[in-house]
2 protein chains.
Amino acid sequence: MYRIGELAQLCDVKPDTLRFYEKHGLLAASARSDSGYRLYTTADFERLKFILRAKTVGFTLNEITELLSIELDKSNWACADVKGLVDSKLAQVEAKLAELVRFQKSLAQLSQACCGGPESAEHCSILEALESNSATVNAVKEPCRHSK
Amino acid sequence: MYRIGELAQLCDVKPDTLRFYEKHGLLAASARSDSGYRLYTTADFERLKFILRAKTVGFTLNEITELLSIELDKSNWACADVKGLVDSKLAQVEAKLAELVRFQKSLAQLSQACCGGPESAEHCSILEALESNSATVNAVKEPCRHSK
DNA sequence: CTTGACCTTAGATTAAACTCCAAGGTTTAT
DNA sequence: ATAAACCTTGGAGTTTAATCTAAGGTCAAG
């Protein structure tokens, strides 16, 4: 049996995080000591590791709650259900990825167009792109024009 | 002069959003009518478009506040300052992108390993990967073994 | 027998960007 | 003159995943 601080240290999380997981139904200590301290079993430890692994692949705590309820009652769920969760997460991740790629391209273009020098920003092509219509944000025409 | 609902409609945002921007110092109406209605000028409209464009390239409202303060006082800032903001945003976006690519790879591998069929999840390779050590989450070995 | 490290609870706070609500005043059209 | 559509304010709620605080109880060592 581990006390909260022990389990936390084993898994590199804080005791607060474990209390938070308990409050949100992800992981409750299997027992309490006479004085009310949480006592965690090896099974609790495994459950925590499941949670942390699911986090490393991008699931939110709510999604992990669903995964855990399947995990505890596997025979009443189909592979299709589990794969469905993974695939819908994958779709979410890919949507976010597409957005970030758009950001990345726009920012890279803005960055390239700007001289980045100590000259006044009065003719900064980044600011000019943000001032003009949004097509221009994605296709900066001219570098900063600093009169010599 | 536009009333809040007019400007909102022009820029495809909600009046609430404009009030929110005002409260957070991004955009205040230049005037008020006798009865207290917000009245926005063409300059306000341009400022709003600046904000919305900056959002499309990934800046947060706090970052946009910085950009706006430079925009209003260009001559006291250098291109280097502006490019610095863009480059640091770009670095953030790329870091997040790298994380999402890791998620995407792990999820795609999990998805591939699972048969996705109507069989019981008792031998689901996704759940098995989450139960075992994290190295395995990133390299699922076996497809779901459903005994025939 | 007291110090320090640990544990308990409930509740507040953080970041981000809105969105919604209530209770009321204004404008416009019929 | 009244209904519909619009506006005002302040404040609460949403989402995510903790993190922090206060006020206090417990345990092991010296």
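Please read these numbers as outputs of a predicted model, since none were measured by experiment. The chains referred to below are lettered A, B, ... by the order of the sequence lines, with proteins before strands, and numbering in each begins at 1.
The ring-ring contact (aromatic ring centres under 6.0 Å, His included) analysis of residues 16-37 of chain A, with sequence neighbours excluded, yields the pairs Phe20(A)-His24(A).
On the nucleic acid side, DNA chain C contacts chain B at distances under 4.0 Å to non-hydrogen atoms, with the end points of that region at dA16(C) to dT27(C). Along DNA chain D, read 5' to 3', the first and last nucleotides having any atom under 4.0 Å from a heavy atom of chain A are dT16(D) to dC27(D).
Linking Ile, Leu, Val, Met, Phe, Trp and Tyr residues whenever their side-chain heavy atoms come within less than 4.5 Å places Phe59(B) and Leu52(B) in a single cluster. Connection of Phe50(B) to Phe45(B) is established within a shared hydrophobic cluster, with ILVMFWY side chains joined at heavy-atom distances below 4.5 Å, either directly or through further cluster members. In terms of hydrophobic clustering, with Ile, Leu, Val, Met, Phe, Trp and Tyr side chains grouped at heavy-atom distances under 4.5 Å, Leu85(A) and Leu61(A) are assigned to a common cluster.
A heavy atom lying under 4.0 Å from DNA chain D marks the following residues of residues 28-52 of chain A, by number: Ser35(A), Tyr37(A). Listed by residue number, the members of residues 84-101 of chain B with any heavy atom below 4.0 angstrom from DNA chain D form an empty set. The stretch residues 3-17 of chain B touches DNA chain D through Arg3(B), Ile4(B), Gly5(B), each having a heavy atom under 4.0 angstrom from the strand.
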For residues 110-121 of chain B, please give each side-chain donor-acceptor pair under 3.5 Å, one per line with the distance, not counting sequence neighbours.
{"from": "Ser111(B)", "atom 1": "OG", "to": "Asp87(A)", "atom 2": "OD1", "distance (Å)": "2.6"}
{"from": "Ser120(B)", "atom 1": "OG", "to": "Glu122(B)", "atom 2": "N", "distance (Å)": "2.9"}
{"from": "Ser120(B)", "atom 1": "OG", "to": "Glu122(B)", "atom 2": "OE1", "distance (Å)": "2.9"}

Donor-acceptor contacts under 3.5 Å from residues 4-17 of chain B side chains, at least two apart:
{"from": "Glu6(B)", "atom 1": "OE1", "to": "Arg3(B)", "atom 2": "N", "distance (Å)": "2.8"}
{"from": "Asp16(B)", "atom 1": "OD1", "to": "Arg19(B)", "atom 2": "NH1", "distance (Å)": "3.0"}

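Residues Leu26(B) and Thr65(B) approach most closely at CG-OG1, 3.8 Å, considering heavy atoms. Closest non-hydrogen pair, Arg47(B) versus Leu68(B), comes out as NH2-CD1, 3.7 Å.
Residues that satisfy the salt bridge (Lys or Arg N to Asp or Glu O under 4.0 Å) test with Glu71(A), not counting sequence neighbours, are absent from this structure. The side chain to side chain contact (heavy atoms under 4.5 Å, CB included) search around Asp73(B) returns Ser75(B), Asn76(B), Trp77(B), not counting sequence neighbours. Partners of Glu131(A) under the side-chain hydrogen bond (donor to acceptor under 3.5 Å, both in side chains) rule, at least two apart in sequence or in another chain, are Lys74(B). Thr41(B) meets the side chain to side chain contact (heavy atoms under 4.5 Å, CB included) test with Met1(B), Ser30(B), Ala43(B), Asp44(B); sequence neighbours excluded.
The pair Glu66(B)-Lys89(B) fails the salt-bridge criterion, with no side-chain N (NZ, NE, NH1 or NH2) lying under 4.0 Å from an Asp/Glu carboxylate O. A salt bridge links Glu99(A) to Lys96(A): at least one charged side-chain nitrogen sits closer than 4.0 Å to a carboxylate oxygen.
The closest side-chain heavy-atom distance from Gln109(A) to Val57(B) is not below 4.5 Å.
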